[in-house]
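Here's the structure, in structure tokens; my notes come after.
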Amino acid sequence: MKVRTRFAPSPTGYMHIGNLRTALYEYLIAKAQGGDFLLRIEDTDQKRYVEGATDIIYNTLKMVGMNWDEGPDIGGDFGPYVQSERKDLYAPYAHKLVELGGAHYCFCAEREKEVDEDGNEIICKFEDPCKKIPLEEARARIAAGEPYVIRQTINQTGKSKYEDKVYGIIEIDYDELDEGVLLKTDGFPTYNFANVIDDHLMGITHVVRGSEYLPSTPKYNLMYDTFGWERPIYVHLPPVMKDAQHKLSKRNGDASFQDLLAKGYLPEAIINYIALLGWNPGTEEEIFSIKDLEKIFSVERLNKSPAIFDIVKLTWMNGVYIRNLSGEEFYRLAEPYLADMPANVDKRALAAVLQPRVETLGQIKEQTDFIKELPDYAVDLYVNKKMKTDIEVAKAVLPEIKEVLFKQSEWNNDALFAALKSLAETKGLKNGQILYPARIALSGKETTPGGATELAVVLGKEESLNRIEQAIVKLG
RNA sequence: GGUCCCAUCGUCUAAUGGUUAGGACAUCACCCUUUCACGGUGGUAAUAUGGGUUCGAAUCCCGUUGGGAUCACCA
């Protein structure tokens with residue numbers, strides 16, 4: 001049978017990393033088996049709907065290369081793919097479930113949380129008195145216009161049992177299961193119910209979701225069983241953590257996919273990194289494109305313990321992706337970050353020195369700030385023991401450097417380096433005694449992307465000579 | 001609180017009864033070098049804990065501890 005998985009986000013306007021990873025695994029489980037990956041929007045909670053949120057979902061999935069085979073925008077044989085458009089479809093199934101004995105009509109007021117004297121929430125199992133109302137009486141009250149919900153009926157005793165692909169056999173006592181609402185007063189289904197109906201109707205073979213659903217899965221199974229439907233294969237995923245105690249969440253202000261993009265992380269690197277948060281290929285390789293992952297992914301290698309999201313390792317991996325880019329591709333990506341560079345700056349040369357030195361595109365700004373404007377630096381920057389330079393050396397050498405550069409007609413790194421190197425030789429100095437002061441004069445910074453001659457190329461001849469002259473004046 | 005789940009270097013993880021417990025990030029040292037990076041070499045660093053089972057346990061069982069989840073007309 002063809003594998004079918006689904007990503008079913010609710011449109012809340014925020015694609016967080018845990019969610020993205022769930023989508024990735026759903027996608028990979030399908031694709032590794034030549035199956036279909038579908039997109040379904042779960043918007044049954046009208047209060048939480050956020051305008052434009054579905055576009056964020058579409059754009060994110062497209063950007064990382066997770067193409068869906070069926071979805072709200074492209075359709076498919078099992079639509080509609082937006083739950084609010086499926087609204088009328090659920091109620092008949094709910095009433096059917098009542099007939100089959102798997103649910104009942106309930107007229108209770110909405111449950112309120114009880115609090116004890118210390119302000120702690122009292123947790124107790126809900127015993128629904130409406131369960132005892134004869135079906136005919138309940139139907140009469142509904143006919144009379146009384147508001148009602150449909151609630152799941154759980155009469156089973158003993159242990160429920162199912163197998164999860166990552167956690168193994170899960171056994172839970174039926175007694176622990178809450179008789180939750182399936183169809184709300186407003187006629188909308190709850191997640192619990194809509195999920196079962198939609199997954200069945202859409203032919204979903206593998207239900208992939210967070211491990212928080214592990215304890216409520218027996219309730220879904222009961223519904224599948226009562227309807228006489230085949231239970232899906234379950235794949236529950238451990239959470240992605242911010243630290244040992246907290247899940248990554250919107251509330252904590254943790255990075256979303258969008259935030260990472262804005263900081264200059266590449267979609268390919270993000271996908272590669274999160275794929276490895278809870279899954280490993282069993283080899284020592286760790287750089288994978290999504291196409292690679294489609295070939296090698298297997299559910300068996302999914303991990304069951306939570307994983308902490310480590311931005312440091314993601315940053316490293318992003319650096320790997322940046323370095324693997326061709327010079328042309330990197331230039332294209334870096335260009336927007338170089339928009340405010342002065343016109344005389346050789347942006348291509350600059351991009352070339354930047355590429356091995358940045359791990360995120362966002363780091364370009366701090367690396368290039370000295371180009372726009374020479375910082376007002378302290379003269380003791382010219383002192384460097386290892387390079388055997390100090391203020392006196394700089395004072396002596398800078399006019400000579402200016403002279404050499406002034407005469408230089410070929411303005412590229414090799415030519416400049418050769419020229420300054422021969423200056424050092426004729427003066428009987430070490431290379432560093434020429435190059436270090438030159439670099440400081442050109443940049444006004446202790447560390448720079450590239451050496452003296454590389455910076456001279458980036459700045460151009462005129463600006464380079466100008467800065468060296470300023471240094472000579474500064475040193476008096 | 002009841003129930004369910006989890007537990008290997010700081011972090012992500014490998015090792016499905018027999019390894020000097022492996023790799024990657026981070027960290028430290030050294031090399032390369034025109035500063036800083038990149039690259040290269042090497043080092044520090046882990047089986048939470050107590051009992052079993054076994055010739056042999058990170059691995060299987062039980063307890064303890066620590067953490068997480070769940071118990072909504074939210075998904």
Side-chain angles (χ1 to χ4, degrees), chain A residues 8-10 12 42-45 47-48 83 106 108-113 120-126 147 149-151 164 167-168 170-173 175-178 180-186 188-192 194-195 209-218 236 238-239 241 243-247 273 276-287 300 303-317 319 323 353-359 367 381 384 386-387 413 417 420-421 431-432 434-436 438-440 443 445-455:
Chain A
S10 54
T12 57
E42 305 214 335
D43 59 348
T44 56
D45 184 5
K47 293 175 211 124
R48 292 213 308 189
Q83 275 186 341
C106 169
C108 297
E110 202 167 323
R111 259 226 277 175
E112 281 178 32
K113 287 187 179 167
N120 295 319
E121 198 178 313
I122 296 171
I123 309 284
C124 57
K125 200 183 169 228
F126 178 60
V149 300
I150 293 181
R151 213 176 253 287
D164 180 81
Y167 287 94
I170 304 290
E171 280 186 84
I172 292 173
D173 211 297
D175 206 41
E176 292 294 326
L177 271 26
D178 208 54
V181 170
L182 267 21
L183 201 71
K184 302 186 245 183
T185 313
D186 63 6
F188 273 83
T190 59
Y191 165 85
N192 295 322
N195 228 259
R209 46 152 72 134
S211 63
E212 65 268 26
Y213 296 104
L214 232 26
S216 52
T217 296
H236 286 94
M241 311 291 283
D243 55 48
Q245 276 75 35
H246 307 279
K247 243 170 109 161
Y273 176 70
L276 263 21
L277 266 188
W279 176 85
N280 75 83
T283 66
E284 286 179 356
E285 273 179 82
E286 49 185 1
I287 302 298
E300 289 69 33
N303 221 298
K304 49 185 166 184
S305 46
I308 298 173
F309 178 83
D310 181 10
I311 189 82
V312 175
K313 183 150 187 177
L314 200 214
T315 305
W316 163 79
M317 192 172 276
R323 276 173 256 129
V353 298
L354 249 18
Q355 190 171 355
R357 289 180 175 81
V358 295
E359 291 190 304
Q367 289 257 17
L381 263 192
N384 185 297
K386 198 181 157 204
M387 293 294 120
N413 190 51
F417 187 65
L420 291 180
K421 199 177 166 185
N431 290 347
I434 298 291
L435 293 163
Y436 194 89
R439 208 189 99 248
I440 299 300
S443 68
K445 282 182 84 176
E446 191 175 2
T447 65
T448 52
T453 58
E454 283 162 317
L455 296 188

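Chain naming here is simple, since letters A, B, ... match the order of the sequence lines and numbering starts at 1 in each. Atom set for the values below is all heavy atoms of this structure, side chains included, hydrogens, waters and symmetry mates excluded.
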Determine the Euclidean distance between corresponding [atom1] atoms of [M] and [N]; express it in Å to zero decimal places.
| N | M | atom1 | result |
| --- | --- | --- | --- |
| rA45(B) | rA29(B) | C1' | 15 Å |
| rG18(B) | rG51(B) | P | 23 Å |
| rC60(B) | rA69(B) | P | 25 Å |
| rU8(B) | rC4(B) | C1' | 24 Å |
| rU13(B) | rU19(B) | P | 25 Å |
| rA72(B) | rU49(B) | P | 37 Å |
| rG67(B) | rC62(B) | P | 22 Å |
| rU64(B) | rC9(B) | C1' | 24 Å |

Counting distance alone, no hydrogens or angles: does the base of [N] have a donor or acceptor under 3.5 Å from a partner atom on the side chain of [X]?
| X | N | result |
| --- | --- | --- |
| Tyr213(A) | rA75(B) | yes |
| Thr448(A) | rC36(B) | no |
| Arg439(A) | rU34(B) | no |
| Arg357(A) | rC38(B) | no |

Tell me what [X] touches on the nucleic acid: a base, only sugar-phosphate, or nothing, going by heavy atoms under 4.0 Å.
| X | result |
| --- | --- |
| Met317(A) | nothing |
| Ala307(A) | sugar-phosphate |
| Asp164(A) | nothing |
| Gly278(A) | sugar-phosphate |
| Ile170(A) | sugar-phosphate |
| Glu171(A) | sugar-phosphate |
| Val312(A) | sugar-phosphate |
| Cys108(A) | base |
| Ser305(A) | sugar-phosphate |

By nearest atom, which of the nucleotides [options] is closest to the [X] side chain?
| X | options | result |
| --- | --- | --- |
| Asp178(A) | rA72(B), rU70(B), rC73(B) | rA72(B) |
| Met387(A) | rU35(B), rC4(B), rC73(B) | rU35(B) |
| Pro215(A) | rC6(B), rU11(B), rU70(B) | rU70(B) |
| Leu277(A) | rC12(B), rU3(B), rA14(B) | rC12(B) |

Specify the separation, in whole Å, of atom [atom1] of [X] and atom [atom2] of [N].
| X | N | atom1 | atom2 | answer |
| --- | --- | --- | --- | --- |
| Glu286(A) | rG22(B) | CD | P | 17 Å |
| Glu359(A) | rC36(B) | CD | C1' | 13 Å |
| Tyr273(A) | rC12(B) | OH | P | 8 Å |
| Gln245(A) | rG68(B) | CD | P | 5 Å |
| Ile172(A) | rC4(B) | CD1 | P | 7 Å |
| Asn303(A) | rA58(B) | CG | P | 19 Å |
| Leu314(A) | rU13(B) | CG | P | 14 Å |
| Glu110(A) | rA72(B) | CD | C1' | 8 Å |

OP1 or OP2 of [N] under 4.0 Å from side-chain N/O of [X]:
| X | N | result |
| --- | --- | --- |
| Lys184(A) | rA75(B) | yes |
| Arg323(A) | rA37(B) | no |
| Lys313(A) | rC12(B) | no |
| Asn280(A) | rU13(B) | no |
| Lys386(A) | rU33(B) | no |

Paired with [N]: which nucleotide, if any, by Watson-Crick or G-U wobble criteria at under 3.5 Å for both distances?
| N | result |
| --- | --- |
| rC73(B) | none |
| rU27(B) | rG43(B) |
| rA14(B) | none |
| rU54(B) | none |
| rU65(B) | rA7(B) |
| rU20(B) | none |

### Query
Which of these, Ile434(A), Thr453(A), Leu455(A), Asn384(A), sits in a side chain to side chain contact (heavy atoms under 4.5 Å, CB included) with Arg439(A)?
Leu455(A)
### Task
Report yes or no: is the ring centroid of Tyr436(A) under 5.5 Å from the six-membered base ring centroid of rU34(B), with the two planes under 30 degrees?
no
Can you check whether [Y]'s main-chain N or O pairs, donor with acceptor, with [X]'s side chain at less than 3.5 Å?
| X | Y | answer |
| --- | --- | --- |
| Tyr273(A) | Asp310(A) | yes |
| Arg323(A) | Glu359(A) | no |
| Gln367(A) | Arg357(A) | yes |
| Asp178(A) | Gly180(A) | no |

## Note on the structure
By nearest-nucleotide position on RNA chain B, the 5'-leaning member of Glu284(A) and Glu212(A) is Glu284(A)
### Query
Does Asn192(A) or Phe309(A) map to a spot on RNA chain B nearer the 5' end, using the closest nucleotide for each?
Phe309(A)
### Query
Rounded to the nearest 0.5 Å, how far does CD1 of Ile170(A) lie from NE2 of His236(A)?
8.5 Å
### Euclidean distance, Leu277(A) CG relative to Lys313(A) NZ, rounded to 0.5 Å
9.5 Å
### Summary
Shortest non-hydrogen pair, Phe309(A) vs Leu314(A), comes out as CZ-CD1, 4.0 Å
### Query
Does CD belonging to Glu171(A) count more than 12 external heavy atoms closer than 6.0 Å?
yes
### Task
Apply side-chain contact (heavy atoms from CB on, under 4.5 Å) to Arg209(A) and Asn195(A), showing your working.
CA-CA 11 Å; Arg209(A) 46 152 72 134; Asn195(A) 228 259; 4.0 Å; yes
